[in-house]
Amino acid sequence: MNSESAEGRRTIAVLGEMAELGRDALAGHRAVGREAGQLGIDLLLVVGGPLAQQLALAAGEAGVPTVGWVADNATAATFLQDQVRSGDIVLVKGSRSGMHWQIAEALAGQDVTAWGGWNDKKENTPT
């Protein structure tokens with residue numbers, strides 16, 4: 001039973017690559033994909049390159065019903081704006097270097113970095 005049928009709403013995870021894993025990167029990304037399946041995530045969107053693709057493949061193999069893989073934050077935000085429905089629970093998780101807060105801001109329609117007590121994103125934003 002997935003979480004949508006259990007609670008009447010979907011769980012959506014948006015995950016970026018984990019650049020700090022070193023030689024354990026492939027195994028680590030595949031493990032996270034399997035965990036998404038075990039947790040009953042309804043929709044998983046992975047952002048990044050080949051390691052993100054491996055995470056997505058492992059999630060599909062583990063039973064996540066809808067899995068997407070995109071290369072960049074702008075594409076992720078556009079995809080999610082078409083997918084997210086009222087009541088959905090959305091987790092956006094990624095490294096600061098991946099600037100995945102951009103996805104959360106696009107969905108929320110407002111600055112989200114100040115929520116965590118920091119607001120240095122403008123220093124890290126490409127112009």
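Both Ile103 and Val90 are part of a single hydrophobic cluster, where members link through side-chain heavy atoms under 4.5 Å apart. Leu15 and Leu21 fall within the same hydrophobic cluster, defined by Ile, Leu, Val, Met, Phe, Trp and Tyr side-chain heavy atoms under 4.5 Å apart, directly or through other members. With hydrophobic clusters built from ILVMFWY side chains whose heavy atoms lie under 4.5 angstrom apart, Val92 shares a cluster with Leu45.
The side-chain heavy atoms of Leu107 and Gln81, taken from C-beta on, include a pair separated by under 4.5 Å. Between Val47 and Asn73 there is a side-chain heavy-atom pair separated by less than 4.5 Å. Using a 4.5 Å heavy-atom threshold, the side chains of Val84 and Leu43 count as separate.
With rounding to the nearest 0.5 angstrom, the CG atom of Asp82 is 7.5 Å from the OG1 atom of Thr78.
Minimum interatomic distance between Leu80 and Ile12 (heavy atoms only, all atoms of both residues): CD2-CG2, 4.1 Å. Across every non-hydrogen atom of Ala36 and Leu44, the tightest pair is CB-CD2, 4.3 Å.
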Table please: side-chain donor-acceptor pairs of residues 56-69 below 3.5 Å, with sequence neighbours left out.
residue	atom	partner	partner atom	Å
Glu61	OE1	Arg30	NH2	2.6
Trp69	NE1	Gly48	O	2.9
Trp69	NE1	Gly49	O	3.3

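The backbone N or O of Thr11 sits less than 3.5 Å from a side-chain atom of Asp42, completing a donor-acceptor pair.
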Self-check item: Working for side chain to side chain contact (heavy atoms under 4.5 Å, CB included), residues Met18 and Val32
Solution: CA-CA 10 Å; Met18 300 172 283; Val32 170; 3.7 Å; yes
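Partners of Ala74 according to the side-chain contact (heavy atoms from CB on, under 4.5 Å) rule, which considers only residues two or more places apart in sequence or in another chain, are Asp72.
Sorted by first then second residue, the side-chain hydrogen bond (donor to acceptor under 3.5 Å, both in side chains) pairs that include residues 15-24, not counting sequence neighbours, number zero.
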